[in-house]
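Just so it is clear, the model here is predicted, and its values are computed rather than measured. Per chain, numbering begins at 1; letters A, B, ... match sequence-line order.
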2 protein chains.
Amino acid sequence: MRKPTLMDVAAKAGVSYATADRVLNQRGGVAAKSVQRVSDAIELLGYKRDVSAANLARGRTYDFVFFIPSQAGAFFDELRAAVRREAHARLSERITVTLKKIPAFDAERLADALENCVDSKITGVCLVAINSPRVRTAVNALRAKGVIVLTLVADMQVGSRDAYIGLDNRAAGQTAGRLMSLAHRNGGVVLPIAGNLDAVDHADRYAGFLDVLPKTVTVLPIVQSADRPDDVENAVRNAMITYPKLGGIYSIGAGHSGLLAALSGRTKMRPIVILHDLVAHVRTALTDGLVDAVIDQKPDHQIALALDAMKSLSDGDQLPVGFGTIVPSLYLQDNLPPASTGGPTESPTL
Amino acid sequence: MRKPTLMDVAAKAGVSYATADRVLNQRGGVAAKSVQRVSDAIELLGYKRDVSAANLARGRTYDFVFFIPSQAGAFFDELRAAVRREAHARLSERITVTLKKIPAFDAERLADALENCVDSKITGVCLVAINSPRVRTAVNALRAKGVIVLTLVADMQVGSRDAYIGLDNRAAGQTAGRLMSLAHRNGGVVLPIAGNLDAVDHADRYAGFLDVLPKTVTVLPIVQSADRPDDVENAVRNAMITYPKLGGIYSIGAGHSGLLAALSGRTKMRPIVILHDLVAHVRTALTDGLVDAVIDQKPDHQIALALDAMKSLSDGDQLPVGFGTIVPSLYLQDNLPPASTGGPTESPTL
DNA sequence: ACCAAAATGATAGGCGTCAATCATTTTGTT
DNA sequence: AACAAAATGATTGACGCCTATCATTTTGGT
């Protein structure tokens, strides 16, 4: 038997379609016992509203806007590519996605962009947050208009946005530390390198890293490189000279090219190297055996989650607890996910 | 401006709705130049057919059936749970999923079940394949009727099914080997344990494991346990006595309880332990520090992929190359995914 | 230029739901 | 019992597309 429709429900409940509809959509003005009968009928028949038909009737469309910084470094490029892919894939589901590029670290421009879309008919926005009064104000204005606001990768104050989707940086650092421990069961010396410990994400990763390292492992003073490749390169070269038995390097932030430069040519007897984010040149380095492990925050997954969340929230659903916390992926040379295809593939059928 | 409809396309192309429809759905009987004009208009407007509306009009529903063995061991339980979750989540997308339990390793029962659904109106089936003539015949009969057939976890002859979704066992073994290598940079002794090397999945994992281990690591003769916990326990105990410096254990198959029993109480100075499939008690063991790493084949992901694939294929789309190959996930204690909720959660709104 | 064949136009009913209107019946109150 | 308020029934036109039918126009061949 085919899926039951609301007509079937109404018949089963012994009420008219109109009443069943009033119950289903909570329009009010229905006697308690009728509500009960309709609910029972829904339960009994296993009725599930056909959301496609509903959205069609409602003329519902989902218009989402992503604000992603044009920051140097490949990670945000990956994120943007992921947005484009997902957007393309969901075009036929009444979902429209616009991607806006914001100059890196530019709170004013971000605020401008947010303010610009206050009066357009937007369902939800998703931004890499920057902490600034104007940004907060703009976000509040949007939410006051019923627009769903999500933060991605970088959060802002809890309560000022509808949800946050981002890496569990502590867990990421712990994962790195755990792997480093496995490789140093008899102790050893390791070097952590961060961009800037004032950034919460780097600080969290570092804390997680220290969490799990046993006392038998000596942790050198952390290098803060401001993610500048040259500084990273110098720090690594110096460390390898000063501590010939350097057993591991954990690169917490970016500036990978300097690290790779310092390591190049040393595929044998080099420290264990763990770093973050499987961007193209990191993938190459891993494949080539220049580094050992990559901790990834799955940008594709984050974008997919963001879209799902915005859709659910704008439909009035609640998100499950713990939603949005991205558990880090651990990649060695052999379990790399397939490289994402360049652009959205041309689909043969429309 | 809102999303263009087929009406807009027709207007833009300067033809009637009927002609635009004939082009879109390839009904034939359209002059080449009209086809061109419509195609151009589609391109120009960025028209994308609203598949929900289309499916609604067509009365299209997707009826899928999963045949999953009731095999001992928690893995297939997880797989079944994943089917139920996904099925529930997609109920409102005109997708119906039926889950059938097949006695483990029972090719005849599987064939029975497959034959039983030949004449029902099923869109696609997904089975954990067993190699048997009757199964092959039943599958062929289904495919002859236009039913999509997918294999899951265990494959059958290429060409006899539409797609296979399953773990890249070689990569899984390599990942285990790579991790083992990292933990044995100065050499060591490791013990592999498999259920049965005649099973291709176990053999592939073993081969992958050996692939990447350096010569400095000594691999003890592999134990074949037939996945019997007692045998595993004895083998591990013996190995730990015979080789006091045993540095690692790679458990390729099941029979984990025996392994855990042999290890219990030895959280300090025990071999590195790597095993497969993050089922409940393995998760506990990992959290408790009884084992070090788990290689997982992501049953949830496999089910989601299977549903996507069956839907695409039954819509006449092609699958991208490499589709269905599951890259293993590597879990340490700190990057465990959240435990899946017991059943489908009650949704507040219908 | 004639005629059949091919191409195109016009239109209708339906898919399951939403949102709205209006008519009718059932309550509860005094 | 009378009456307003509340509840219910009945119906309708979208939404974007599919499928079908029938009428009309254009084309190609001779």
From the candidates C:dT27, C:dT17, D:dC17, the one with an atom nearest any side-chain atom of A:Lys33 is C:dT27
Identify whether any heavy atom of A:Asn25 sits under 4.0 Å from a base atom; if not, whether one sits that close to sugar-phosphate; answer base, sugar-phosphate or nothing. sugar-phosphate
Which heavy atom of A:Tyr164 sits nearest a heavy atom of A:Leu167, and at what distance? OH-N, 4.3 Å
Send over the distance from B:Leu24 CG to D:dT19 P, rounded to a whole Å. 11 Å
Side chain of A:Ser34 only, heavy atoms from C-beta on: which candidate in D:dC18, C:dG9, D:dT8 is closest? D:dT8
For B:Gly59 and for B:Ala20, find the nucleotide of DNA chain C with the closest heavy atom, then tell me which residue's nucleotide is more 5'. B:Ala20
Kindly indicate whether the side chain of A:Tyr62, heavy atoms from C-beta on, has any atom under 4.5 Å from the side chain of A:Asn55. yes
Indicate whether any N or O donor in one side chain lies under 3.5 Å from an N or O acceptor in the other, for A:Asn116 and A:Asp112. no
What integer distance in Å separates A:Arg49:CZ from D:dC15:P? 19 Å
Please report the distance, rounded to the nearest Å, between OH in B:Tyr17 and C1' in D:dC18. 7 Å
Kindly indicate whether the side chain of B:Arg58 and the base of C:dG14 share any N or O donor-acceptor pair separated by less than 3.5 Å? no
Side chain to side chain, A:Thr61 and A:Asp63, heavy atoms closer than 4.5 Å: yes
Protein-nucleotide distance (A:Asp21, atom CG; D:dA10, atom P), rounded to Å: 15 Å
What nucleotide, of C:dC18, D:dC18, D:dT8, holds the atom closest to the side chain of B:Arg27? D:dC18
What is the nucleic acid contact for B:Arg22, judged by heavy atoms within less than 4.0 Å: base, sugar-phosphate only, or nothing? base
So, do B:Thr123 and B:Arg60 sit near enough that their side-chain heavy atoms are less than 4.5 Å apart? yes
Heavy-atom closest pair (B:Ala309 atom, B:Ile165 atom, distance to 0.1 Å) is CB-CD1, 4.5 Å
Quick one: A:Asp50 CG to C:dC18 P, roughly how many Å, whole number? 9 Å
Any N or O donor-acceptor pair linking the side chain of B:Arg94 to the base of C:dG16 at under 3.5 Å? no
I want to confirm an ordering. Mapping B:Ala57 and A:Met7 to their closest nucleotides on DNA chain D, which one lands closer to the 5' end? A:Met7
Side chain of A:Ala18: nearest nucleotide among C:dT17, D:dG16, D:dA10? D:dA10
If you only use heavy atoms from C-beta on, which nucleotide in C:dT17, D:dG16, D:dC17 is closest to the side chain of A:Leu56? D:dG16
Could you tell me how far apart B:Asn55 (CG) and D:dC18 (P) are, to the nearest whole angstrom? 9 Å
For A:Leu45 and C:dG16, give me the distance from atom CG to atom P, rounded to whole Å. 14 Å
To the side chain of B:Thr19, which of C:dT8, C:dT17, D:dC17 is closest? C:dT8
Counting only side-chain heavy atoms from C-beta out, which of D:dT8, C:dT17, C:dA10 sits nearest to B:Ser16? C:dA10
Separation of C:dC18 atom P from A:Asp315 atom CG, nearest Å, is 12 Å
With respect to the phosphate group of C:dC15, does any side-chain polar atom (N or O) of B:Arg60 fall under 4.0 Å of OP1 or OP2? no
Selection from C:dT8, D:dG16, D:dT8 that lies nearest to any side-chain heavy atom of B:Val30: C:dT8
